[in-house]
Amino acid sequence: MKNTPFDSIEKNIWIDFIDGDDASFTLIYKKYIGVLFQYGCQFTCNEEVLKDAIQDVFVRIYNNRSQLNRDIHVKFYLFKALKNCLYNVFKREIFFEKIEQQHLTNKLDQSTEHESEVEENDEKQIIINLLNRLTDRQREAIYYRYIEELSMEEISILMKMNVQSVQNIIQRSLKKLREFKSYLKQNFEK
């Protein structure tokens with residue numbers, strides 16, 4: 001992963017937080033509360049459980065800040081902490097639920113504001129159909145790689161798999177998506 005100037009600023013904020021600066025904690029909280037909520041929506045549609053889990057992550061890092069690693073990627077660390085927290089909440093049951101249509105609709109509304117409603121609804125349906133063709137693990141890997149732009153190594157840690165298995169899942173997922181998209185194009189294009 002490349003280091004950017006922002007990474008060093010964020011790293012300094014993290015270190016200041018560990019050293020006891022509450023203002024730095026507030027900056028981290030404000031920057032990542034929404035990102036963590038969006039990320040957590042991939043695991044549960046129960047907003048109350050998700051909000052509690054996010055709150056628990058921030059309380060835990062605040063209370064244990066003197067024991068935290070000073071050299072981390074903050075976003076990745078928070079993602080991992082939230083995933084582990086949700087994993088514990090659901091007591092090791094499979095918790096990566098199918099992405100709800102409403103969640104996808106909201107995401108697509110943001111990216112297709114200037115298109116006509118007919119085209120927008122068609123695109124939404126195609127994306128929903130494409131994603132529903134994937135397994136939970138495949139959707140999870142695709143989300144990490146292409147939405148959150150995590151490295152293969154980071155994904156392998158989050159998914160508790162080796163890097164080669166993650167690469168295989170992503171490649172199979174993309175192949176499956178291409179095949180289904182091609183099928184749709186051949187059979188339903190006007």
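We number each residue from 1, following the sequence as shown.
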Residues two or more places apart in sequence or in another chain: which of them pass side-chain hydrogen bond (donor to acceptor under 3.5 Å, both in side chains) with [X]?
X	answer
Thr26	none
Asn162	Ser165
Gln67	none
Tyr62	Asp22, Arg65

Compare every heavy atom of [Y] with every heavy atom of [X], then report the nearest pair and how far apart it is.
X	Y	answer
Met159	Lys83	CA-NZ, 3.6 Å
Ile54	Leu36	CD1-C, 3.8 Å
Ser156	Val163	OG-CG2, 3.7 Å
Leu86	Ala53	CD2-CB, 3.7 Å
Asn69	Ile18	O-CD1, 3.6 Å

Quiz item: With hydrophobic residues grouped by side-chain heavy-atom distances under 4.5 Å, do Tyr29 and Val59 end up in a single group?
Solution: no
Practice problem: Return each pair, listed once, that meets salt bridge (Lys or Arg N to Asp or Glu O under 4.0 Å) where at least one residue sits in residues 38-51; pairs must be two or more places apart or across chains. | Solution: none
Quick one: pull up [atom1] in [X] and [atom2] in [Y] and give me the separation to the nearest 0.5 Å.
X	Y	atom1	atom2	value
Gln138	Asn168	CD	CG	11.5 Å
Ile61	Tyr77	CD1	OH	6.5 Å
Leu27	Glu10	CG	CD	10.5 Å
Arg137	Ile170	CZ	CD1	11.5 Å
Ile155	Phe76	CD1	CZ	9.5 Å

Quiz item: Does a salt bridge link Glu140 with Arg145, judged by any charged N lying under 4.0 Å from a carboxylate O?
Solution: no
Quiz prompt | Expected output: side-chain Lys80 to main-chain Ile157 donor-acceptor under 3.5 Å | solution = no
Quiz item: Taking the side chain from Gln42 and the backbone from Tyr39, do they hold a donor-acceptor pair closer than 3.5 Å?
Solution: no
Exercise. Carefully, step by step, assess Arg172 and Lys175 under the rule side chain to side chain contact (heavy atoms under 4.5 Å, CB included).
Key: CA-CA 5 Å; Arg172 282 194 304 270; Lys175 181 180 178 192; 5.6 Å; no
Exercise. Please assess Ile169 against Ile142 for the test side chain to side chain contact (heavy atoms under 4.5 Å, CB included), listing each intermediate value before the final yes or no.
Key: CA-CA 9 Å; Ile169 282 178; Ile142 292 293; over 6 Å; no
Non-hydrogen side-chain atoms of [X] and [Y] separated by less than 4.5 Å:
X	Y	value
Glu154	Tyr144	no
Lys11	Asp71	yes
Leu50	Cys41	yes

Practice problem: Given side chain to side chain contact (heavy atoms under 4.5 Å, CB included), test Ile13 with Asp21 step by step and report yes or no. | Solution: CA-CA 9 Å; Ile13 292 170; Asp21 181 25; over 6 Å; no
Self-check item: By ring pair (Phe, Tyr, Trp, His ring centres under 6.0 Å) - contacts of Phe17 (at least two apart)
Solution: Trp14, Phe25
Quiz item: How would you list, by chain and number, every residue that makes a salt bridge (charged side-chain N to carboxylate O under 4.0 Å, His left out) with Asp56, sequence neighbours excluded?
Solution: Arg60
Quiz item: For Asp19, which residues count as a salt bridge (charged side-chain N to carboxylate O under 4.0 Å, His left out) partner, sequence neighbours excluded?
Solution: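 Expected list: Arg70.
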